[in-house]
Amino acid sequence: MTPIDLGRRALIKQATAAGILALPAVTALSGCATSGGNHTQQVAKGQKSAKNPLAVNEGAGLDVVIFDGGFGDEYAKAAEAQYVAAYPKTDGKIKHTATQKIQARLAPRFNGGTPPDLIDNSGAEQMDFGTLVSKEQLTDLRALLDAPSLDDPKKKVRDTLRPGVVEMGQFDGDEVWVLYYAYTIYGVWYSKSLLAKHGWEYPQDWDAMLKLCEDAKKQGIAGWTYPGKYPYYLPFSLYPFIAKIGGREVLDAIDNLEPNAWKQDAVKSAFEAYHELQSKGYILKGTPGLDHVQSQVAWNEGKALFIPNGSWVENETKKTTPKNFDMAVGAPSSLDSSDKLPFGTIWASGGEPFIVPKNAKNPQGGMELLRIMLGEKSTQTFIKRVSSLSSLNGGTEGLKLAPGLASAQELWTKAGPNVVNPRLQDWYVRLQKEKIGTAALGEMMAGRLSPKECMAKCQKFADETARDDAVRKYRHR
């Protein structure tokens, strides 16, 4: 779910109010752990060897916390079993915790200087990465990335990853603080069988999108739905739409918190197009009151054609998706022939962000578990269990992919170089989710703001963040 995941689902699972996404993520790490308090005494390193390139202590325990969202945690348990097989003396010494309450459960441990060894920092209560990095709470993962890969010792781990994954874990230097394990394809999700039933085709331009939505409306089917309670899902299709219209530099300006970035023509055109979906009644009635599960169920039931989402959606909806639904994902439709990037431009990036705390008791073990997870065996387990690509560039060989995953991989392959990766959602979590996603875009799509008012509100929020000295700033390099 996910980010997503932020990265992936920096977004899902039971956020009870907008406030839960705000101050705790920014302030909860201000205690003793960030100001020289007591820290965990780390275990001694083991003997470095070809089989143990990270010098793991082969008898030390391991403390792992996994976000229990759309991907569940079984894939991590399978990797932990591989870890025990490689280091038998750790049998019975792995503490595994699955939770949706990442922030609530782990902030006290960070503040007390006793964080886990490996964390899947995802979900609605995701800890703020900017704060973790600025407070020097994370381990630099370059030792892991420069270690031999599990399956081919001649290749470094970094050389086995999909393009952009390493860069996503960087903030303002060469250090890599986050390893995004999943690889998420964002876009406009739909049912191929539902379109085929009515003789419709996926719309490649906005005029065709509006016509299809009008035809669907006559059939009693809404064009779109989305998680109205968590409207920060809207950017999953809106941001690549903006980039397609005006070029990737438009998104870079937004990420860089540049003055007037939200007032660019491409933003205006994209907002007006999405607002037209609302003003013409093409959004499923009641959508502003739906959470991510309810909107996805309505979509599964054929009440709406399209939903903005990430590739975790196939696994997350598997209990409600009908047989022969034939799930697929489409790239954002073109606005018109003047678009800077071609049809097929998508947002694809790492998701499910993993971190190794600096004050972990066994950071080498945490990195080694990640190295195992990035091996082909663990990757194929992940793909089969959760219907998602991983950050390993491959791993699908010989596997029968579920329809949505097959569609996502095909879309990514066809996109070639036309892949964008907005960084707002991992550089400025609160700004993206609570402010721009919810208080601006959510209000516009609910009919309570005009596109012009929404643009002004987004710019106001971005300017406030840019002026806030307590927020560390990042820029595209």
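Counting begins at 1 with the first residue of the sequence. Given the structure is predicted, the values throughout are model-derived calculations rather than measurements.
- Below 30°, between 30° and 60°, or above 60°: for Y274 and F241 the angle between ring planes is between 30° and 60°, a tilted geometry.
- Side chain to side chain, N260 and Q264 fail the donor-acceptor criterion of an N or O pair below 3.5 Å.
- Salt-bridge check for D128 with R430: failed, with every basic side-chain N at 4.0 Å or more from each acidic carboxylate O.
- Ion pair K268/E272 flagged as a salt bridge, since at least one NZ, NE, NH1 or NH2 atom sits closer than 4.0 Å to an Asp/Glu carboxylate oxygen.
- Under the 4.0 Å criterion applied to side-chain N and carboxylate O atoms, E258 and K263 are not assigned as salt-bridge partners.
- The two atoms that bring Y226 and I307 nearest to each other are CA-CG1, 4.3 Å, heavy atoms only.
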Evaluate the side-chain contact (heavy atoms from CB on, under 4.5 Å) criterion for residues Y183 and V165: first the C-alpha distance (whole Å), next the side-chain angles of each, then the deciding distance (0.1 Å), finally the verdict.
CA-CA 8 Å; Y183 194 76; V165 171; 4.1 Å; yes

Apply the test side-chain contact (heavy atoms from CB on, under 4.5 Å) to residues M127 and I355: give CA-CA distance (whole Å), side-chain angles for both, the deciding distance (0.1 Å), then the verdict.
CA-CA 11 Å; M127 293 179 288; I355 53 177; 4.3 Å; yes

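- H292 and Y230 have tilted rings, their planes meeting at an angle from 30° to 60° on a 0 to 90° scale.
- For T379 (side chain) and G375 (main-chain N/O), a donor-acceptor pair under 3.5 Å exists by modelled atom type.
- Sparse packing is recorded around NZ of K303, with 12 or fewer heavy atoms of other residues, nucleotides or ligands lying under 6.0 Å away.
- Listed by chain and number, the residues in a salt bridge (charged side-chain N to carboxylate O under 4.0 Å, His left out) with K460 are E464 (sequence neighbours excluded).
- W177 and D140 get closest at one heavy-atom pair: CZ3-N, 3.5 Å.
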N/O donor-acceptor pairs under 3.5 Å from side chains in residues 243-253, not counting sequence neighbours:
residue	atom	partner	partner atom	Å
K244	NZ	S334	OG	2.8
K244	NZ	D339	OD2	3.0
K244	NZ	L341	O	2.9
R248	NH1	V419	O	2.9
R248	NH2	P417	O	3.2
D252	OD1	H476	NE2	3.3

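- The two atoms that bring Y232 and T438 nearest to each other are CD2-OG1, 3.5 Å, heavy atoms only.
- Within the 3.5 Å criterion, the main-chain N or O of T114 finds a donor-acceptor partner in the side chain of R109.
- Side chain to side chain, T320 and N300 meet the donor-acceptor criterion of an N or O pair below 3.5 Å.
- Residues forming a ring pair (Phe, Tyr, Trp, His ring centres under 6.0 Å) with Y282 (at least two apart in sequence, or on another chain): none.
- The aromatic rings of Y474 and F171 lie perpendicular to each other, with more than 60° between the two planes, well past the 30° mark.
- Between F71 and F382, the ring planes lie perpendicular to each other; the angle is over 60°, past the 30° to 60° tilted range.
- In this structure, F306 and Y202 have perpendicular ring planes: the angle between them is above 60°, well past the 30° mark.
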